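Down below is the structure, laid out as structure tokens.
Both ligands and their constituent atoms are indexed starting at 1 by order of listing. When reading the values below, keep in mind they use all heavy atoms of this one structure, side chains included, and skip hydrogens, waters and symmetry mates. A quick note: this is a predicted structure, and the numbers were derived from the prediction, not measured.
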Amino acid sequence: MWGGRFQEGPDAIMEAINASIGFDRRMARQDIEGSRAHAAMLAATGIVSDKDAEAIREGLLTVLSEIEAGTFQFSTALEDIHMNVEARLTELIGAPAGRLHTARSRNDQVALDFRMWVRDQADAAVDALPRLIAALVDQAEAGADWVMPGFTHLQTAQPVTWGHHMLAYAEMFHRDLGRFRDARARMNECPLGTAALAGTSFPIDREMTAKALGFDRPAANSLDAVSDRDFALEFLSAASICAMHLSRLAEELVIWSSAQFRFVRLSDRWSTGSSIMPQKRNPDAAELLRAKLGRILGANVALFTVMKGLPLTYSKDMQEDKEQVFDAADSLMLALAAMTGMVSDMAPQREALEAAASSGFSTATDLADWLVSEADLPFREAHHVTGALVAKAEARGCDLPDLSLEEMQDAHPAITEGVFDVLGVHNSVASRTSYGGTAPDNVRSQVKRWREVLP
Ligand code: ARG
């Protein structure tokens, strides 16, 4: 491949470790798009003739159609997608193919292809996330006033609404959406034309190629542009945070769908059976979603480790960037689609949710608040009195609303019949009207806001 300089070909093992065609063929479309833009620019600037550029651009379309049809013969000896495409172009159009690589290097070529590939994935995430958010908003709307236990330490804390809990995840995924958008905006500078590392003496037009390829501008520093992989790290970091959110929701679905909780029923479409235990409905999709962060964060750590301490500019280490990102992107897109389907299909169990919300003394805080606002106790004393009442109920094996007024008044004489109004879970959630609180009316207005925000 390297013409005059070498007498011997590579060792077979050298070829195996050196080649990236096994995976970078996934960037064929970006490679060809980039080369077509480059050829058009070479003609516009008079660096190659219009005739040669036209032959190159047409030939590249033929190569693309062969790759898409699956008839293209990839060669490991040709190392990577860039050389494979160019070699085939030479077979197809002959000598003019040799002019395509003028004022260009594989270093800026790979930086370009990979950046465009990652940009497509950021776009795909920006496309997929609103669908997941919409599924959560639908769930929130249907159960805006359904009551469930809210937890801290996975111990019953206070009643909340199902809708509020669903919208908590909508917030998280919306931040993820913002992170992918931000990453995309930052990565949208074109490295093409930086050549090997130093720029070129040919009178190229980098504005023209940048524009043709949908970039906001050409990257300003050639050394940075060929060696930058921030865009991939930023994508992986956004993907890791998103996968972490997916894992938290997935974990809740695993817990909630258990026989001990029965908060939700996952549809058959998102469950599996057991080969031995006929009663089983396993939440496999949720478990896999819980696990995906392992791969995605793994890719993130791997790429950070590859890039750490690399001197400027290109080093072959950087060929190790792609497989990690490909796998992480595939995992993320599959995970987002699976979570969207599972959330859309799942059936929250209103009665089980409400029964759980009503147990575990979940309205103890409401009782303490009542003692403050209706009986004028300092909060610390109210907390103590309420604690004593919880202990009493626990000893009797009942819940707070089951205590008699006399029992209440034993704990504090200022307690009146009115206290029973705040011990019910519906009153409890309805009272949480502070901005961002769990009250059903808040949930309904947030649902309305989401409907306006979502595309
Ligand atoms: N296959 C290489 C990669 O993925 C392309 C760039 C090679 N450049 C070079 N000078 N060897 O990074």
Side-chain angles (χ1 to χ4, degrees), residues 1-6 8-35 37-38 60 63 67 72-90 98 100-121 187 190-200 209 213 219 222-233 235-236 299 302-330:
M1 251 187 343
W2 318 118
R5 184 76 174 81
F6 287 71
E8 268 191 284
D11 187 276
I13 293 179
M14 172 58 187
E15 196 172 287
I17 192 173
N18 199 37
S20 53
I21 189 62
F23 48 89
D24 67 13
R25 64 177 69 182
R26 287 190 67 172
M27 305 190 307
R29 196 173 49 72
Q30 288 79 7
D31 192 73
I32 288 170
E33 227 183 285
S35 289
H38 184 65
L60 285 168
V63 177
I67 292 174
F72 189 95
Q73 293 291 317
F74 290 101
S75 150
T76 309
L78 290 168
E79 267 192 49
D80 56 25
I81 186 63
H82 324 295
M83 301 304 271
N84 269 268
V85 168
E86 194 180 316
R88 178 64 182 139
L89 183 67
T90 307
L100 169 62
H101 213 53
T102 315
R104 188 178 73 170
S105 154
R106 277 192 300 162
N107 296 353
D108 60 341
Q109 199 177 351
V110 74
L112 172 71
D113 296 1
F114 192 35
R115 199 177 277 252
M116 293 206 298
W117 196 92
V118 174
R119 187 176 66 178
D120 285 347
Q121 296 302 307
M187 77 176 72
C190 186
L192 186 62
T194 63
L197 75 163
T200 175
T209 42
L213 296 168
S222 65
L223 303 179
D224 172 47
V226 285
S227 58
D228 169 36
R229 295 294 180 272
D230 291 6
F231 61 89
L233 288 167
F235 172 79
L236 290 176
L303 185 53
F304 269 112
T305 313
V306 165
M307 295 306 295
K308 177 197 168 290
L310 277 190
L312 300 186
T313 54
Y314 179 84
S315 295
K316 195 67 176 240
D317 309 50
M318 287 155 72
Q319 181 166 287
E320 292 286 317
D321 55 4
K322 290 170 221 40
E323 282 167 292
Q324 300 295 340
V325 176
F326 292 166
D327 184 71
D330 291 344

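Judged by distance alone, the side chains of E79 and N84 never bring a donor and an acceptor atom under 3.5 Å apart.
Within the listing of ligand 1, atoms 1 (N) sit less than 4.0 angstrom from a heavy atom of S20. The contact set between ligand 1 and K322, taken as ligand atoms under 4.0 Å from a residue heavy atom, comprises 3 (C), 4 (O), 12 (O).
Closest protein heavy atom to atom 5 (C) of ligand 1: D80 OD2, 3.5 Å. Of all protein heavy atoms, the one closest to atom 3 (C) of ligand 1 is Y314 OH, 3.2 Å. The protein heavy-atom contact nearest to atom 2 (C) of ligand 1 is Q319 OE1, 3.2 Å. Given atom 9 (C) of ligand 1, the protein heavy atom at minimum distance is N107 OD1, 3.4 Å.
Looking only at side-chain heavy atoms (C-beta outward), L112 and C190 come within less than 4.5 Å of each other.
In this structure, CZ in R115 is found 13.0 Å from CE in M27, a value given to the nearest 0.5 Å.
For the ring pair (Phe, Tyr, Trp, His ring centres under 6.0 Å) test, no residue two or more places apart in sequence or in another chain qualifies with Y314.
Using a cut-off of 4.0 Å between Lys/Arg side-chain N and Asp/Glu carboxylate O, D120 and R29 are scored as salt-bridged. Salt-bridge check for K322 with D24: failed, with every basic side-chain N at 4.0 Å or more from each acidic carboxylate O.
Between atom 11 (N) of ligand 1 and the options M83, H82, R106, the minimum heavy-atom separation is to R106.
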